[in-house]
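For the numbers below, each heavy atom of this structure counts, side chains included, while hydrogens, waters and symmetry mates do not.
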Amino acid sequence: MQYLDKLVSGLAIELHVPESDYQGNYKTHIDEVGKTRISVYAPHQQGMIIPLQEGTLVEVTFWDEVASYSFNSSILQRIAVPIPVFVLKMPESIKRVQRRNYVRIPAFFPITYQVVEKEGLGDIQKGSMLDLSGGGMRFQSKVKLEKGTILYAYLEFPFGTIGTPGRVCRMEAIEDTKFFSVSVDFYQISERDRDRIIRCVFDIQRDLRKKGLI
């Protein structure tokens with residue numbers, strides 16, 4: 001089933017307990033993953049193990065570089081030795097929740113684009129990317145593009161080209177130049193392409209951190 005392969009030993013998770021004497025959110029990690037059960041380390045708070053009972057309903061949340069995921073389960077068994085763990089029922093489905101707040105970083109990949117017009121696509125124009133996120137980009141252009149303009153952009157990344165519709169959400173003249181700064185929301189982008197862009201953003205972010213630039 002989709003996303004079940006993301007459940008692996010050592011994965012950081014958060015247990016949300018909606019109802020019980022120990023209602024709250026608790027951070028822990030997955031111990032082992034079986035075919036029908038998952039064991040997680042019993043969470044601690046102020047040095048004490050949270051003594052959740054068998055039958056307690058829980059919501060499990062975890063993350064990767066692209067999105068967050070969650071599923072509902074229940075505690076089937078408590079094991080005290082050698083390490084305290086809770087055994088959870090394997091979920092029937094895992095829900096993906098796309099992050100809405102995307103990390104935006106400086107990026108300078110070449111782009112070309114065509115404005116969507118009533119008659120079809122306009123002439124191919126060149127631009128220079130200024131920054132990038134999973135939700136959109138900002139680029140420099142010689143063409144003045146009004147807010148609300150729909151365009152089709154071709155983004156040249158090291159891993160290949162992504163073509164996606166975009167909608168202009170902001171346009172400003174760049175002082176003392178003949179260029180414009182154009183901000184675009186990715187409009188009807190496929191989730192596969194958005195994931196590829198987000199992974200690229202995180203790779204650039206990692207490199208900038210290593211260089212001490214962020």
Side-chain angles (χ1 to χ4, degrees), residues 2-3 5-6 8 11-14 61-70 94-214:
Q2 195 174 23
Y3 306 135
D5 59 346
K6 293 182 177 294
V8 295
L11 178 69
I13 63 172
E14 183 175 271
T61 302
F62 61 95
W63 305 262
D64 62 15
E65 71 274 16
V66 173
S68 62
Y69 307 82
S70 69
I94 295 179
K95 179 176 64 176
R96 168 176 160 150
V97 182
Q98 181 67 49
R99 289 176 180 162
R100 294 184 178 180
N101 296 322
Y102 300 105
V103 175
R104 183 175 293 273
I105 59 159
F108 306 101
F109 300 110
I111 72 166
T112 56
Y113 66 90
Q114 294 172 275
V115 173
V116 177
E117 302 171 342
K118 291 182 179 179
E119 299 78 15
L121 294 176
D123 295 336
I124 294 177
Q125 306 287 346
K126 291 184 178 181
S128 300
M129 190 183 294
L130 300 173
D131 60 41
L132 176 69
S133 78
M137 67 174 173
R138 185 168 61 93
F139 67 94
Q140 178 178 287
S141 173
K142 290 183 178 180
V143 180
K144 184 177 181 180
L145 298 171
E146 299 297 338
K147 182 177 179 180
T149 298
I150 303 297
L151 52 83
Y152 199 89
Y154 305 88
L155 318 180
E156 303 291 338
F157 293 110
F159 56 77
T161 301
I162 288 181
T164 182
R167 178 163 41 201
V168 176
C169 58
R170 186 179 302 106
M171 187 279 301
E172 298 175 343
I174 300 177
E175 190 174 356
D176 298 327
T177 74
K178 296 181 179 180
F179 293 93
F180 299 93
S181 169
V182 182
S183 297
V184 170
D185 288 332
F186 292 138
Y187 177 69
Q188 297 179 342
I189 189 172
S190 72
E191 287 304 312
R192 178 177 178 272
D193 284 342
R194 193 190 300 277
D195 288 353
R196 294 168 72 196
I197 290 172
I198 291 173
R199 290 192 182 98
C200 180
V201 167
F202 273 82
D203 287 344
I204 296 172
Q205 193 176 36
R206 254 193 314 266
D207 290 340
L208 292 175
R209 283 202 182 104
K210 287 180 181 178
K211 297 174 182 177
L213 299 177
I214 59 173

Test item: Y152 side-chain N/O and V116 main-chain N/O as donor-acceptor pair under 3.5 Å
no

Going from CG on D123 to CD on E117, what distance comes out if it is rounded to the nearest 0.5 angstrom?
7.5 Å

What distance separates C200 SG from I105 CD1, expressed to the nearest 0.5 Å?
7.0 Å

With rounding to the nearest 0.5 Å, note down the distance linking CG in D203 to CG in L208.
11.0 Å

How close do V201 and S133 get, counting heavy atoms only, and between which atoms?
CG2-CA, 4.1 Å

Between I204 and P106, the two heavy atoms sitting closest are CG2-O, 4.1 Å

Which pair of non-hydrogen atoms, one from Q188 and one from P165, has the smallest distance, and what is that distance?
O-CD, 4.4 Å

I'd like to check F179 versus S181 (side-chain heavy atoms, cut-off strictly below 4.5 Å). Are they in contact?
no

Min side-chain heavy-atom separation M129-F108 under 4.5 Å:
no

With side-chain contact (heavy atoms from CB on, under 4.5 Å) as the test, would you mind laying out the steps for T164 and I197 before giving the verdict?
CA-CA 11 Å; T164 182; I197 290 172; 5.6 Å; no

Give me the atom names and distance for the closest heavy-atom approach of T149 to V115.
CG2-CG1, 3.8 Å

Restricting to pairs with a member in residues 109-128, which pass ring-ring contact (aromatic ring centres under 6.0 Å, His included), not counting sequence neighbours?
F109-F157, Y113-F139

Can you tell me how far the CG atom of L145 sits from the CD atom of Q125, to the nearest 0.5 Å?
8.0 Å

For G166 and V184, which heavy atoms make the closest approach, and how far apart are they?
CA-CG1, 3.5 Å

Would you say the side chain of F62 lies within less than 4.5 Å of the side chain of I94, judging by non-hydrogen atoms?
yes

Taking atom CD1 of I174 and atom NZ of K142, what is their separation to the nearest 0.5 Å?
12.0 Å

Are D131 and R138 close enough for a salt bridge, meaning some N to O gap below 4.0 Å?
yes

If we ignore hydrogens and angles and just use 3.5 Å, is the side chain of Q114 paired with the main-chain N or O of I124 as donor and acceptor?
no

D193 with R196: basic N within carboxylate O range, under 4.0 Å
yes

Mind checking whether I111 and M137 have side chains closer than 4.5 Å, heavy atoms only?
yes

I need the T112 OG1 to Y154 OH distance, nearest 0.5 Å.
7.0 Å

Note: S70 and T61 closest approach over all heavy atoms is CB-OG1, 3.9 Å

Looking only at atom types and distance, does a side-chain atom of R167 sit under 3.5 Å from a main-chain N or O of D185, one as donor and one as acceptor?
no

How about D195 and R192: do any of their side-chain heavy atoms sit closer than 4.5 Å?
no

